[in-house]
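Reading through the C-alpha cells given below for one structure.
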Amino acid sequence: MERFNGQAVNRSQPSVGDNEVFDLDSGYLSSVRACGHHAKQASFFNDMIDVRLLRTEPEAVTAALGRRGVTSAEVEALIAADRSHRELSARRDRLRAQVKEISRQVADARRSADSKLAEQLTARSREFRSEEQALAAEASAQADQLQHLLMMTPNIPASECPEGLSDQDNVVLRQYPETIPPSRECQRVPHWEVGARLGILDLEAGAKMSGSMFPLFKGDGSAMLRALTSFALDHHRDAFLEIRPPTLVRTETMMSTGHLPKFADDAYHLERDDLWAIPTAEVPLASMHRGEILREEDLPELLCAATPCFRREAGSAGRDTRGLLRVHEFEKVELFAFCTPEQAEEVHGDILARAELLIQELGLAYRVLDLCAGDLGAASARTFDLEVYAPGCDRWLEVSSISWCSDYQARRANVRFRSPGGGTAFVHTLNGSALAWARVWAAVIETYRQDDGSVSIPKALRPYMGGRDTIS
RNA sequence: GGAGGGAUGGCAGAGCGGACGAAUGCGAGGCUCUUGAAAAGCCUUGGGGCUGCGGCUCCCGUGGGUUCGAAUCCCACUCCCUCCGCCA
C-alpha cells in the first residue's frame with residue numbers, strides 16, 4: 001500500500017502488530033473476526049471491547065486487560081453485569097411472549113363472541129403485564145449498569161506492547177540522531193526566556209487574558225506557528241484529506257473516542273450548551289462517519305486536520321508549569337485514519353513515518369517510545385510517542401502520540417465497513433499528531449538559538465515565513 | 001429566539017390498533033443461461049437473547065402512558081430538516 005505512504009522514511013519501523021493481533025489462541029482470534037456483525041443495537045452492544053469476548057474468553061480478556069492495570073475484580077463485575085442483564089431480559093421476553101399469546105386468544109374469543117373467556121384472559125394478561133413491567137425496569141437498570149461499566153473499560157492492549165504499568169516502563173525504540181550532539185552554550189536557554197527576550201512569546205499577557213498556561217505568541221512567534229501548520233498540511237496533502245472540523249462537540253462525540261465518561265475532568269465543558277472543547281482533532285474526526293457503513297474500496301480513508309486543542313490538565317497542577325511544557329490551549333495537526341483491520345498495521349507505520357519525517361525536516365533531535373501496556377490511552381491498543389529534545393530546558397518533550405485503536409472507537413461510534421462478501425465489520429481507527437506545535441515551537445526556539453541571541457529559522461519553514469532566515 | 005415537518009432494514013420508502021420483523025424499489029450476495037460480459041430469470045440478504053439446534057422470542061430514534069394487544073394512539077426527551085428573525 002505504497003499509495004498512502006508517499007514519503008517512506010527508513011523502513012526499519014517497528015512491527016506494529018503482526019496478523020496475530022492479540023497474543024492469544026486462534027479461537028480467540030477467530031472470534032474477534034467473526035463478531036463484526038452485531039453493531040445494530042446502539043444501546044449496549046457496540047461499546048468498547050466486544051462483550052462476546054467476555055463470555056467466550058473471560059480468562060484471556062482478564063489477562064489482557066490486567067496488563068494495563070484493570071483488576072480481575074473489575075472484569076468479573078463486567079461479566080456478572082452481562083450475565084445478569086441477559087437473564088433479566090430473557091425473563092422479560094418470556095413474559096412479553098405470554099402477553100402476546102394471550103392477546104391472540106382474546107382476539108379469538110372476541111371473534112367467537114365468548115365474552116366471558118375474553119374477560120378472564122384479559123385479567124390474566126393484565127397480571128402478566130404488570131409483572132413484565134417490573135422486570136423490564138430491572139432489566140433496563142441492569143442494562144444501564146452494564147453500559148456504564150463497558151464505557152469505563154479501556155481497550156485491550158496489543159500483545160506487542162511492552163509490559164509495564166507506568167511511563168517508567170516505556171521502551172525507547174530509537175533515537176535520531178543516534179547520539180544527541182552536546183548542546184552549545186547558546187542553546188542552553190529555556191524557550192520562555194528566549195521568547196520573552198525576542199518579544200515572540202508573552203506568557204504574562206496570556207495569563208492576563210485567560211490565566212496561566214494559556215500562551216500568547218507575538219510577531220514572528222505567531223508567524224512561526226502558522227508556518228508550522230502550513231508546512232505540515234502541505235506535507236500530508238499527497239494522501240490525507242484536509243478537514244477543518246468543529247472544535248466544540250457533543251457528549252456522544254467525546255464518548256466515541258473514549259475521552260468520556262472516565263476523563264471528564266480533563267476536558268473543558270460548556271455547561272450552558274452542553275458542548276465540550278476538543279482535546280484533539282481526533283475527537284471530531286472519529287465521529288465523521290458515526291453510524292455509517294463505509295465501502296471497503298474507500299478504505300483506508302486518511303484525514304488530516306489542524307485545530308486548537310484544549311486540555312484542563314487537571315491533576316497535573318504544579319508540574320511542568322514553566323513556558324510551553326504544559327499548556328491549556330495549543331495547536332496541532334492531526335492525522336486520522338479509518339481502515340480495515342488488515343490495513344491498520346501499515347497505516348500505523350505510515351503515520352509514524354510522517355510524524356518522524358516532519359521532525360527530521362525541522363532538524364530536531366527526537367526519540368521514539370513504544371508505550372507499555374499500562375501507559376496506553378484508554379482507546380489505544382498500541383501507541384508510539386515521539387519526543388523531541390529541547391536543549392534549553394534539557395528535556396524530552398512529547399510532541400506526538402500515534403495510536404492504533406483497533407475497533408474500540410469504531411465500536412463506540414458504530415462505524416463499520418462492508419466487505420465484498422456482503423458482511424459488515426467494524427473498521428479500525430488510528431490517529432497521530434504530526435505534530436503538536438507548542439512544544440515543537442519550544443524545541444525549535446531552543447535548538448536554533450545562536451550565539452548572538454537570535455534564532456535562525458529552520459530551512460523547512462523559511463518558505464512559509466517570507467523567505468526570512470532569522471528571528472532577532 | 002419564533003413557527004412548522006420528520007426519525008422504519010445497506011439506501012430510498014410504504015405501513016396509521018390485531019397473522020408486521022415489516023410491502024415495494026434500488027443496492028449487495030448466490031445460482032441458471034453465456035466463450036466471457038451485459039441483459040434476463042430464480043433464490044438469498046438487519047440485529048440481540050434463549051435453545052432440547054427443530055426452533056422460540058425480543059427489538060420500527062429514546063423513555064413513559066393508553067390497550068387484552070402498539071411501528072401504528074397519547075405524553076416527554078433527543079436528534080435531523082425547512083421557513084422567519086437576529087448576527088459574523
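Note that the structure is a prediction, hence the values are computed from the model and not measured. Order of the sequence lines fixes the chain letters, A, B, ..., with proteins taken first and strands second; residue numbering starts at 1 for each chain.
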For atom CZ of R104(A) and atom C1' of U57(B), their distance in whole Å: 11 Å
Can you check whether R96(A) has a side-chain N or O nearer than 4.0 Å to OP1 or OP2 of G49(B)? no
Base-pairing assignment for C79(B) (Watson-Crick or G-U wobble, both under 3.5 Å): G6(B)
Determine whether any donor atom in the side chain of D93(A) lies under 3.5 Å from an acceptor atom in the base of G48(B), or the reverse, and answer yes or no. yes
Sticking with atom C1', work out how far C50(B) lies from U45(B), rounded to a whole angstrom. 24 Å
I want to know whether H289(A) and F338(A) have ring centres closer than 6.0 Å. yes
Establish, with yes or no, whether the OP1 or OP2 oxygen of A70(B) is under 4.0 angstrom from a side-chain nitrogen or oxygen of R129(A). yes
Minimum heavy-atom separation for F426(A) and F417(A), please, with both atom names. O-CE2, 3.6 Å
Rounded distance (Å) that lies between atom C1' of U62(B) and atom CG of D144(A): 11 Å
Return the value, rounded to whole Å, for the distance between atom CD of E127(A) and atom P of G69(B). 13 Å
Examine the side chains of S401(A) and D385(A) and answer whether a donor and an acceptor come within less than 3.5 Å of each other. yes
Below the 4.0 Å mark, does G64(B) have OP1 or OP2 next to a side-chain nitrogen or oxygen of Q133(A)? no
Tell me which nucleotide among G48(B), C68(B), G10(B) gets nearest to the side chain of I293(A). G10(B)
Any-strand Watson-Crick or G-U partner of G54(B), both distances under 3.5 Å: none
Between R290(A) and T253(A), do the side chains contain an N or O donor and an N or O acceptor separated by less than 3.5 Å? yes
R86(A) side chain, from C-beta outward: closest of C58(B), C68(B), G49(B): G49(B)
